[in-house]
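To start, the structure itself, in structure tokens.
Proteins come first, then strands; the chains are lettered A, B, ... in the order of their sequence lines, and each starts at number 1. When reading the values below, keep in mind they use all heavy atoms of this one structure, side chains included, and skip hydrogens, waters and symmetry mates.
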Amino acid sequence: MRPSSLVLLAGAVSAPAVAGTVTVTVPRLNVAEYHRPYVAIWLEPVGGGAARTLAVWYDVKKKGNEPGTKWLSDLRAWWRKGGRSLKLPADGVSGATRTPGQYTIPLPADIKPGQYVLNVEAARETGGRELVSVPITAAGGRATGKSELGAVAVTR
Amino acid sequence: MKLSHLMIAAAALAIPAAASAHRMWMLPSATVVSGTESWVTVDAAVSNDLFFFDHQPLRLEQMKVWQPDGSAGQLQNGSTGRYRSTFDVQLNKPGTWKIGTAMSGVMGSFKVNGEEKRVGGRGGPPRPGMPAPLTVADIPADATDVKLTESSTRNEIFVTAGEPTTTVFAPTNTGLEMAPITHPDELVSGEAAKFRFLIDGKAAANLKVTVIPGGKRYRDAEGAMELTTGADGVLSVTWPSAGMYWLNATATDAKTMTPRATQRRMSYVTTLEVLTP
């Protein structure tokens, strides 16, 4: 078995052992007008194929003329790669926007073996937009955003 | 007729005359929106520099909206100012919408008793102090030196709510049309996009296509890409950067419908939004 498929398979075998996790850092920014960013976290197979959204944090509660979903397309890469076909709110996927800090979410247990890239995209009202891509290797993966995202780590 | 006069007439009618460099364009506030609560607002104008309205508005009388299922949609809050028209479209159904105009006309000249007269020209309401332009029906039987050119222009944009659809791309098989291969609302800088062009429903090979990025005022060069379609009528464009682009394809042939017309000029215009990867 190739090492890359090792951990992603771990959930599928009976030993619950160590489940993979994704840790995303929403940085604290020193700006005059701060709004919590919209964030999408998704897995993409390296060879192409459907993206799988693990989490999307947006203004779930805002309704009316301009519901919170209006700005989901500002997460441009995620929107194009699958966000636009996702019915929201989605159980276990959508959630409220997060304050600055570190957040850990589990990698789903039922992912097919294969090579994946983890993507995290953040877009902030009156702020910037950033996409951080982390190729997942046997040892996990790690990358750091420059502006809208801090460290992103995949453990397995 | 003086050249300057001809240019104004052509711009107002939005039929591209060879003498006119004025470009007709529409600029949507967004091409990709989420949900079915969103609106787009569109600027429509005729000018040289893209996308700056500083010359003439594009008239809204002929502007149409196609819903994702191909049926007629609604244009709202239309207004025509000195330099531009604006209007809104509520994208209340998911899928890809088309907004635009298809215009055609006949221009040219003929002689009666040695005196040259012009046919066609300015559209819209009559201007005070100016006689109404002659039409093809006004050409007397004894006219000589009849020179008539058919002109047709399509100017359309595509906006998508939610997932993109392709129903509005269905060609009418008349004149010059674009049949996208790459969805026009899925354009990404650095990636090649492919669009097939058709004339009367058949692949338009070796068609000249100009692609110009917006924001002309803030750079020195026009930055135009002069491209040509392949034998299969397919144009391939690789976008150098994200932004709004104006695309214009033109063709001339002799397949006229109007009696005594010798030439047909066709033009296709669209505005495309390219996003960052």
Could you look at A/Leu131 and say if it's the side chain, the backbone, both or neither that has a heavy atom under 4.5 Å from chain B?
side chain
Relative to chain B, which segment of A/Trp79 carries a heavy atom at a distance below 4.5 Å: side chain, backbone, both, or neither?
side chain
Are there residues of residues 54-69 of chain A that reach to under 4.5 Å of chain B by heavy atoms, and which ones?
A/Gly64, A/Asn65, A/Pro67, A/Thr69
May I ask you to name which of B/Asp185, B/Thr160, B/Val32 has the most heavy-atom pairs under 4.5 Å with chain A?
B/Val32
Ranked by heavy-atom pairs below 4.5 Å to chain A, first place among B/Thr276, B/Val33, B/Leu275 goes to B/Thr276
Where is the tightest heavy-atom contact between B/Pro277 and A/Ala77, given as atom of each residue plus distance?
C-CB, 4.4 Å
Student check: side-chain heavy atoms of A/Arg84 and B/Ser34 closer than 4.5 Å
no
